[in-house]
Every structure is written in structure tokens, then in C-alpha cells.
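Following: one structure in C-alpha cells, then a few remarks.
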Amino acid sequence: MITEFGHFALILALCVAIVQSSVPLIGAARGRAAWMEVGRSAALVQFLLVAVAMGVLMHAYIVSDFSVINVAQNSHTDKPLFYKITGVWGNHEGSMLLWAFMLALCSAAVAAFSGNLPADLRARVLAVQGMIAVGFLAFILATSNPFLRTWPVPSNGNGLNPVLQDPGLAFHPPFLYLGYVGFSVAFSFSVAALIEGRVDAAWGRWVRPWSLASWCALTVGIALGSWWAYYTLGWGGWWFWDPVENASLMPWIVGTALIHSAIVVERRETLKSWTILLAIVTFSLSLVGTFLVRSGVLSSVHAFAVDPRRGAFILGLLVIAIGGSLSLYAARAPALKGGGIFAPISREGALLLNNVLLATCAATVFLGTLYPLFLDAIHGPKISVGAPFFNQTFVPLMVPVLVAMAVGPMLAWKRGDLGAAMQRLWMAFAAAAVVVLGMFYVTTGAPVLAILGLGLGVWTACGVLTEWADRVRLFRVPLRQSWHRAVHLPRAAFGMTLGHLGIAITVIGISAQPFQQEFLGYMKLGDQAALAGYQLRLDKVERVQGPNFVADEATILVTRGTQTVAVQHPQRRYFQLQDQTTGVTSIRSGLDADLYLAIGDPNEDGAWTIRAYWKPIVSWIWLGGLVMAAGGAVSLSDRRWRVGVAHKLRRPRGLQIAAGE
Amino acid sequence: MRTLLLALAMLVGLGLPALAVDPYEQLADPVLEARARELSTGLRCLVCQNETIDESNAGLAHDIRTLLRERLVAGDSDAQAVKAIVDRYGEFVLLRPRLHPATLMLWFGPGLVLLLAAGGAMAWLRQHRREARPPIPLSDDERRSLQTLLEEKQS
Amino acid sequence: MRKLIYALPALLFAGLAFYFVLALQPDYDPHALPSVMIDKEAPAFSLTGLNGAGISRDGFKGGPVVINFFASWCVPCREEHPLLMRLAEKEHIPLYGIDYKDTPEAARRLLGEFGNPFRAVGVDADGRAGLDFGVYGVPETYVLDGSGHIRKKFTGPLTARQVEQELLPILRQLSGGAS
């Protein structure tokens, strides 16, 4: 009964979404305030209804109601409660419902926090949000309904895939989806602006926090996914240029370009049509990513729903959403004119360079991901595009991005002084040179590119810190005064420093990986192995009983010289019910290096396969991601986004048109 | 059925402790072994679709790793050893696609996009310099006095 | 001209959407991998027999043959087994089996239970012959012509439609050409 209630709530949500997508739009066109206001209440009601549906499905998982097909297929009474709940989005239907839930959440947030928005703009934004909701709710109800029942009711579920019972995997989709879906707000603002034919500084100021928040969520989502792969897959890989990973990377890159170009709109009232295009493309790439994963067009480990009917439905949505918005763009964007002078050597010039490079990066990932499919469709040869391609194309593109990242923030708006900026960066350059030369001196036969990558990361980090030090006048005024300046620095500026520092940290972490060391071999009890100055000794392998598995647990003593560093316990788990074996790695993580141990099968002589890695500063890769997201969050807390500030900035309409001509 | 089988293989591939290269596969000669590992990271495991044979623990990946090592031990060059595998499974196994007419757009696409984007940005910049009247630059004296003014204001 | 630039994103997307439509066609299988061995000479192999005589490539010279890679652990193989039985009994197809990565006992049990459609079966315990043929998943079926060249490959279990429309015609053509 409760399940039908959820089903009903979802149908009702669709009806409300239809109202939300039409009434405010007509109201905005005819200038009827009451009609426009419908958008707000509809968005809030729709959110409530989808939340009810989500809650009902979650309830079905918690009480293990196996009369619901979705629960029977994806849950089990033996699952811990936590994984019962996260199992809701561990499957196609549930993840689509999560998608719709996030979308309704974003719409409701727009409705709730947009008191200062002009009524017509808000009505249009909410209407566009409503249209997207209609598409996805209809998709769920027509092809992926999680509330369908089954009879006879199975005695237990068969969803106990041990691989999916993992904290990293549990939180990865919500963040990723929040990021994907969050960009729908920037998309809706863009479409609304195109309908109105009006973009100004205030528009940039409204779009940026939404994009920034989505970007933070996407950053965390991608980092979590990468971290999950790292500790799960048993050999410490963390990025595979897998099509599904690329599908999340592309909106991230374009979204990064968007949060930068929106600054130019806000500060200089130019690059407007480009920023609108970026906002449309960012969300479009989120949709395309969803299509590629859900339709089975991509062959990938991650694609758990392979169903052409769903693919056809999503393709229809894509054509309407992306095709529609881009057609609108083609018709309306030429009329949007940017403001006056734009010097190449200036802050805005640097941001333009950032956009040129990031757009190329995104296009490269897009090309590499879809090219094999294109060739296949025109009956060309079957090829694969993997990591070596991206290392040769994407990675070189990151070099100018990083070089410019240190310089750009040093340039003033309107007209910067490149020479002066470079002079201020001499320390960063010296630090990078010292690192590169030092590494060449210390190591022999080390990969040259890795060392150059380290140098580049150090250059960026020092450049970013120099800019910050200049701002707070570190060592040029008394420390107390510097501290005062640091505390009162605009949050947006501090956020930028953190965000850029995060990138530098990640780059340094990635560049250090070719220096990893590996041990792979059979070890009997008492055997010793050497790895990067550490001694590993296999002390024992015990049979341990878990809640729904038995495991071989190794005890490996790690020593350095005479000192005990750690005792680590990698496991090899066997799940009888599924007849499935999984490995559980043991990682001693540190800021300096990770010791990564995994145990595999025994051989005929009773020796165990042991795989051990020493991975220098590998945790910096994800730490950098967190610092980036923290930077975004700090920037979001800047007071100029707060309620009421943006309101005063918007000029009366008449003036705006005059300025636009 | 085929898709199901592949899906199953993928699931199993995910589920097993993905200890890719087994110790007994390794060659005694560290130089040859290093070459084999290096080559392995550029070859795709066909049944797992998105893993290299170096990472995959699928049976087929194991077979290809073994074949690769056999060829290296027999004295093949890197190119010859890879060719032995391409002869059997096609260019699909190469994660770094070869440059031929069908992949021209793949390899030169990024460069082309960069040129177009940079060209577009440059054209746009020129237009926006023309449209606006260039401001008269400050003289050095003016700049210096402005700087002192600004610094006074800041501190 | 200026307008065209703004229409460019929409045009690019139209191209992309057109491709996606192609990719969603029901007969399009993104996983399908054409064999590179077609029209090449089959790799040399010589396998011990499951029951008596072994099989080798050179033993097949003279007439078209069909070689089926199978295994007792392979579930889809059981799916196509009745079809293979029919091919052998009704159509008198020269069908040979290669038991891929399997133990002879298990294979014998399988053939004992479901019937043996093969004129002879070679045991490829370590999968080496399969590797040379470019097998990436059983069952796979190869058609060899009289000169020992591979003319056709089927991946996955054979279907009745494939047999009618592809396998039988090519066999007729090959034996017609030989006589």
C-alpha cells in the first residue's frame, strides 16, 4: 500500500511538473503576476512529492519489501541497514529517481532562495526546470519505474553484490548526480535569458553560485569515484579514461570553464553569449553522459542498465532539451552584445585563455570517448582509445593551463602588466626549477615527464601562494596586519586561491605516481620482501568469519630498519551466497606515501600471491580534489552572493537595452 | 545472451580480487618483464572492454600476457610482439590507436580544435579592440603616483 | 556568416543526435568484434583427440569444414547444442569441435549427456589453439574452406537464422566451388 502511495506521488509530481513548465512561462509572456507565481509553489510541491516517492522507495528497502521488483532484485535481508539505504540508488531505476529528486531539490532551492530575482526571470527559470523534470519523471514512469510489484513475493532478494557494499560507492552517485543536476539551474537561467533576450552582470552573479555549488559536488563525486577505484581494484589504479569516467569529466571541465567565464560576465559584462553556451553545453554533457551510460551505447564496466528502449527515450529527451536550447541559442544569441574594450593582457584576457584551453580539453575528451563509436557507426575499423591517447593529447593541454593559472590572477582587470606579473612570480619559477633540477640530480633514469609535471605543479602552487601573499602583504607589513588582511580577504578571492592550490596538489600527486614501486610475488609464512626501503614479512594467514563471507586474512608486518612501521591485514573474501571472491586491500595511507597491500590466491605450494605497492604522495590526488571543492565552498560563502546584494545591481530594463545596443 | 554473458564477465571481473599479473607469469629477466609490463598497459583486454591486459584478471588477458611474454622471450622486438597479438585480435586491442586515414581526425582533432578556438578568440579580441576607443595610456609619472595613491588607500 | 557561427553548436548536435539514432538501432551491437582472421589461412594447430583421433589444420584440407569452439563450463554452448545436433544429423555438416580450456572428462560427460554432433573433437586444454584463432569467448564457430582459409566466423551461440541465412549458403558455395 505504501509503495502505491509512492508511485502515486511520482505520477502526481509529473502532473505538477507539467503545470510548472507551462503556467509560469505563459504568465511571463503575458505579464500576469499570479501565473508567474505558480512556478514557485509548483516547484516546492513537486519537490515534496518526489521526496515522498524517494522516501517510500527507501522505506521499501529498509523493511525489505520484496514484493517490489526493484527491491527484490537489488536488496537482501542480510545487508547492513546502511547498504540497504544506499542500495536505493545502486541500480538503474533507483538512480534515476535520485536524479529526479536532485532536480526537484534544485528547483525548490531556486524557488526558495530567489526572492530577489525579477519575477519574470524566476518564472522562466522555474518553467525550464519544470520541463526537464517532466522529461525525467516521464522517463522513470514509462521505462524505469521502481515501484512495480511482483507476484509471488520472493522469500528473499538477490541483490547482495559484495562489490557494491562500499562506502565510497555509496556516496559517489549522490554527489555526482547533484553535480550533474545542479548544472541544470545554470542551463535554465541561460534558456530563460535567451527567451528574455537579456543578459547582464546580475545574471552572471546569479548563475555563478549555482554553477559553483554544482561544480563542488561534481568535484567531490569524481574524487570519490576515483578513490573508490583506487582502494577497491587491487592494483591501485585511480583513473582509467573509461568512457563512463569521461562522461563525468567532460561536464566538469566545461563547468570549470563556466565558473570562470561567468566572472567575466559579472565583472565586465562581456563574453555573454559564450557563457550562455557554456552553461547549455555543461548540462547537455551531463545529459549525454546519462544517455551514454543508460543506453548501453558505451561498453563499460559501469553501465548497469543496458536497454535500448530506455536509450531511445533518453535520446528523445536529449534532442528536445539540447536541440531545443541550442536552436534557441542560434536564434537569440546573435542579438546579445558584449560590452566594450577587451584587452588580451588582462584578467579577463587570462580567463578567455582559460576558456579556450578548457574547451579544447573537453573537446579532446569528447573526441577520444566517442571516436571509436563514430568509426563503428560508419562501418570503419574497430579501434580502442585508451589512456595512451589521452596522455598524449589531454596532458599536454594541461601544461599551458597550469602555467597560465599562476599568472592570470596576478593580472589586473581591463589592463594587466604581464612583465610585472612575471617579476612577482620569480620565486615560483625558482622553486619549480630547483625541484626539477633536484629531481634530475637525485634520481637516475626517472621518467622525464613526471619530473616536469612535478615542476609544473610546484610552479602553480607557488604562483598561487605568491598571489595570496601579495594580497595579504605577507612580510611587507607586520604579521598581525597580514593576518588581519588574510581574515578579511574577500571570500571569493580566498576560494580562488584554495581552488587553484587544489589543482596544483592534485597535479603534484599525479606526477609522482611513476615513481611508485611494486612488489609482486608468492610469499610463504615467514617470507620477507623488500619494497622501497621497507621490509614486509608475511606472519600469518587466518580464516576469519564475516557476517556474510569467510575471509583469508593476512597479517603482514612492515618494518623499516629495526623499527616496526605497521601491521597490515589485507583480506581475500569469499561470499558463499554469490559464489564470489573479492579482495579487500590494506592501505597505510599517509601524506608522504601509501603502503598498499593486497593478497590473492595461494599457489600449489601453499604460498600466497602478495601484491604490494609503495605509492608516493598518492593521497594528494584526492586531497587536491577536496581542497578544490573547499575552495568552491569558501567562494560560495562570499557575502556578495547573499540575498539582497544582487538585487541592487540589476539596472532598470530600459537602461539595459540602451547599454546593450 | 551475448550481452548478458559480457555483463556477467564484467561483474565477475569486478568481483574477483583483481590481482592482474600473477606472480608465476612473470619472467625471470627483469628487463624483459619490465618490457612486457610496459607493453601490457597499452593492450586492451577484449572481454572486459575497458581494462588493459595488465590490469585484468580475465582468462583471456592472462593468455595474451603469456603470449606476449613468449614472444619477448623468443627475441621479438616490442613491435613484433604487439603485432603477434594484433594479428589475432585486430587493432581493437591497441589502446593507442595507430595513425591511419580513419584515425586522422582523432589524432589531429584536438590540435584543430585548439587552433579554431584560439583563432576564434583572437578574432573576437581584435573586433573588441576596434569597437572601443583605445584609452590613452598613463605616463610613467602618472602610474607611479597612482600606485602610491592606491597603496595609501589600501593600508 | 555571423549567424552561422551561433548556429554551429546546434548543427554539431544534430550530427551527434543522428549518430546516436544509428547507434540505437536494434541490430547494432557495440560489443560485436569482427574477426581479423577472415580470409586468412587458419593458424596451424594439432590437438589430441577427445575420443581417439586428433585433429589438425592440415587434416582439414580438401573440403569445407565447420569448427566449433566449446567448453563444458560454457552456458551459452548448451543453448546452441541442439542446433549443432540438428546440423550434424539433418544437414550432414562436417562439424568438428575444439574443447576450449576444459578437462577431457567434463567434455565427455557433456557430449555423453547431450549427444555428440562432432566428427572429431580436439582438446585445447590450455586454450592455445583458441588464442591463435583469436577466440575471445566460447562458443565461437569458424568456417574453413578447402584450402584451410577461414571464411566466416560466428561469435556467441549460433541461431537458427544465422544457420539458414549465412552458414548453409556459405557452405554450399564453398563445396560448389570445390567440386
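Here is the naming used below: chain letters follow the sequence lines, and residue numbers restart at 1 for every chain. Being a predicted model, the structure only gives us computed values, none of them experimental.
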Review point. Do you know which of A:Val385, A:Asn603, A:Asn355 has the most heavy-atom pairs under 4.5 Å to chain B?
Key: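 Going by pairs under 4.5 Å, I would pick A:Val385.
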Review point. With B:Asp76, which residues qualify under salt bridge (charged side-chain N to carboxylate O under 4.0 Å, His left out), at least two apart?
Key: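 Only B:Arg71 meet the salt bridge (charged side-chain N to carboxylate O under 4.0 Å, His left out) criterion with B:Asp76.
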Would you mind checking which part of [X] comes under 4.5 Å of any heavy atom in chain B, side chain (CB onward), backbone (N, CA, C, O), both or neither?
X: A:Leu397; result: side chain
X: A:Leu367; result: both
X: A:Pro381; result: side chain
X: A:Gln571; result: neither
X: A:Phe389; result: both
X: A:Leu375; result: side chain

Practice item. Give the minimum heavy-atom separation between A:Val356 and B:Ala118, together with the two atoms involved. Key: CG1-N, 3.9 Å
Revision key, fill the gap. Scanning both residues in full, the closest heavy-atom pair of B:Leu125 with A:Ala343 reads CD2-C, 4.4 Å
Return the [atom1] to [atom2] distance between [X] and [Y], rounded to the nearest 0.5 Å.
X: A:Leu520; Y: B:Gln26; atom1: CG; atom2: CD; value: 4.0 Å
X: B:His128; Y: A:Arg268; atom1: NE2; atom2: CZ; value: 11.0 Å
X: B:Asp22; Y: A:Arg611; atom1: CG; atom2: CZ; value: 8.0 Å
X: B:Leu46; Y: A:Ser384; atom1: CG; atom2: OG; value: 7.5 Å

Is the closest side-chain heavy-atom distance between [X] and [Y] below 4.5 Å?
X: A:Leu271; Y: B:Trp124; value: yes
X: B:Gln127; Y: A:Phe342; value: no
X: A:Tyr522; Y: B:Tyr24; value: yes

Check your understanding: What residues form a side-chain hydrogen bond (donor to acceptor under 3.5 Å, both in side chains) with B:Arg96, not counting sequence neighbours?
Key -> A:Gln392
Contacts table for residues 102-115 of chain B: side-chain donor-acceptor under 3.5 angstrom, sequence neighbours left out:
| unit_1 | atom_1 | unit_2 | atom_2 | d |
| --- | --- | --- | --- | --- |
| B:Thr103 | OG1 | B:Arg98 | O | 2.6 |
| B:Thr103 | OG1 | B:His100 | N | 2.9 |
| B:Thr103 | OG1 | B:His100 | O | 3.1 |
| B:Trp107 | NE1 | B:Pro97 | O | 3.1 |

Practice item. Look at atom CD of B:Glu38 and say whether more than 12 heavy atoms of other residues, nucleotides or ligands are closer to it than 6.0 Å. Key: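 Atom CD in B:Glu38 is not packed in, count stays at 12 or less.
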**Study point:** Heavy-atom contacts under 4.5 Å, residues 78-89 of chain B to chain A
**Key:** none
